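Take a look at the structure below.
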2 protein chains.
Amino acid sequence: MSQGEVWELSGDRLVEVLATLASPHRLRVLAALTDGRTYVSQLARDLGISRALLQVHLKKLEKAGLVTAHLELSPDGKALKYYEATPFSLHLTPDVVAVAATTLSTAGDGDAAPKGNS
Amino acid sequence: MSQGEVWELSGDRLVEVLATLASPHRLRVLAALTDGRTYVSQLARDLGISRALLQVHLKKLEKAGLVTAHLELSPDGKALKYYEATPFSLHLTPDVVAVAATTLSTAGDGDAAPKGNS
DNA sequence: GGCTCATGCCAACTATTATTGGCATACGCA
DNA sequence: TGCGTATGCCAATAATAGTTGGCATGAGCC
């Protein structure tokens, strides 16, 4: 299950996604959401972390497009923010990396000299 | 080409690899190496970055197992440290992440409460 | 010997992230 | 009204990464 389409990413986006996934907390959050959707406070309790912290990570995950959120009214009228994992499929190989690297904008990172520099 | 076997990674290792790849510099370095092996100083010139900086990134890449190094003597006796990219294939999906998350040791990151989420 | 090129490493500084605590708002309910 | 729960956000403080410059070593070459 959770078979998404293979992602096409620009270098910048790839870096963003990788950076987002490269965190134990976010990995756990994503795992928990893959397991089923929940709302923030509940998730924070499940993972044993503070809401403030969780929210930061959720925002980063959302920004990277790995999770989506939507408000929902609980039966007793409370506004709950439910998050759920976005299916994705990212096949990483040296070639993929090589291609992505050519599309890096990376402002301030110093543009490398054009290839063919032998 | 560069078809490696699919990697099996523990959560910790996954985080390390992802964190290593999540950098424009390292992405470029890896790309350059995929393009062909080279030695440090040359690579630094190609990429237009300082050797000190490049070395740090190379070390991180090497530690993550993404590149390998070996000394080689140039025809004129200079010791050159050649690096080359390691073939790899990492297929990322929510499920893979979920599994990896269960194997996270993440000391100091606060062990999450056991699953069984509702 | 003096110059060039390659490696290695460190100390110091800057830039980013990660994390904590607290505070404000909104809604239902006894 | 006072309590409990949910969200949102910010300022301040850790904790990590990323970068720079310089300096030391070893080996050909003029």
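Labels below follow one simple rule: chain letters A, B, ... track the order of the sequence lines, proteins then strands, and each chain is numbered from 1. What you see is a predicted model; the values in this text were computed from it and never measured.
In the set D:dA6, D:dA17, D:dG8, the nucleotide with an atom closest to the side chain of A:Ser41 is D:dA6. Checking C:dA6, D:dT19, D:dG8 against the side-chain heavy atoms of B:Leu53 singles out D:dT19 as nearest.
Ranked by how close their nearest DNA chain D nucleotide is to the 5' end, A:Tyr82 and B:Ala52 are led by A:Tyr82. Along DNA chain C, the nucleotide closest to B:Gln55 and the one closest to A:Arg26 are compared, and the more 5′ of them pairs with B:Gln55.
Put simply, B:Tyr39 has a side-chain N or O that comes within less than 4.0 Å of OP1 or OP2 on C:dA6. Side-chain nitrogen and oxygen atoms of A:Ser74 include none within less than 4.0 Å of the OP1 or OP2 phosphate oxygen of D:dA6. OP1 or OP2 of D:dG8 has not a single side-chain nitrogen or oxygen of A:Lys59 nearer than 4.0 Å. When the side-chain nitrogen and oxygen atoms of A:Lys60 are compared with OP1 and OP2 of C:dT17, none of them lie within a distance under 4.0 Å. For the pair B:His57 and D:dA17, the criterion of a side-chain N or O lying under 4.0 Å from OP1 or OP2 is not met. Dashed line: the shortest gap from a side-chain N or O of B:His25 to OP1 or OP2 of D:dT19 is under 4.0 Å. Side-chain nitrogen and oxygen atoms of B:Arg45 include at least one within less than 4.0 Å of the OP1 or OP2 phosphate oxygen of C:dA6.
The separation between B:Leu47 atom CG and D:dG18 atom P is 16 Å, rounded to whole Å. Atom CG of B:Leu73 is separated from atom P of C:dC5 by 19 Å (rounded to the nearest Å). The separation between B:Leu43 atom CG and C:dA6 atom P is 12 Å, rounded to whole Å. The distance between atom CD of B:Glu72 and atom C1' of C:dT7, rounded to the nearest whole Å, is 15 Å. If you measure from atom CG of A:Leu54 to atom P of C:dT19, you get 11 Å, rounded to the nearest angstrom. Computed from coordinates, the A:Leu71 CG to D:dT7 P distance equals 9 Å when rounded to whole Å. For the pair B:Tyr83 OH and C:dG8 P, the interatomic distance rounds to 6 Å; values are reported in whole Å. Counting to the nearest Å, the P atom of C:dA18 and the CG atom of A:Leu58 are 13 Å from each other.
No chain of hydrophobic side-chain contacts below 4.5 Å, direct or via other Ile, Leu, Val, Met, Phe, Trp or Tyr residues, connects B:Tyr82 to B:Leu30.
A donor atom on one side chain and an acceptor atom on the other are not found under 3.5 Å apart for B:Ser23 and B:His57.
B:Arg51 CZ: 12 or fewer foreign heavy atoms inside a 6.0 Å radius.
For the pair B:Lys59 and B:Glu62, the salt-bridge criterion is not met [side-chain N within less than 4.0 Å of a carboxylate O]. Between B:Glu16 and B:Lys60 there is no salt bridge, since none of the side-chain N atoms of the basic residue sits less than 4.0 Å from a carboxylate O of the acidic one.
The minimum heavy-atom distance linking B:Ala98 with A:Ala31 is given by the pair CA-CB, 3.7 Å.
In this structure, A:Leu80 reaches the sugar-phosphate backbone alone: every heavy-atom distance under 4.0 Å involves primed, P, OP1 or OP2 atoms, never a base.
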- Note on the structure: Per-nt protein contacts along nucleotides 23-30 of chain C (heavy atom under 4.0 Å; B base, S backbone sugar-phosphate only, - none) come out as ----BS--
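Pairs of residues two or more places apart, or lying in two chains, that qualify as salt bridge (Lys or Arg N to Asp or Glu O under 4.0 Å) and include a residue from residues 74-88 of chain A are A:Asp76-A:Lys78.
Between A:Leu80 and A:Leu71 the shortest side-chain heavy-atom distance does not fall below 4.5 Å.
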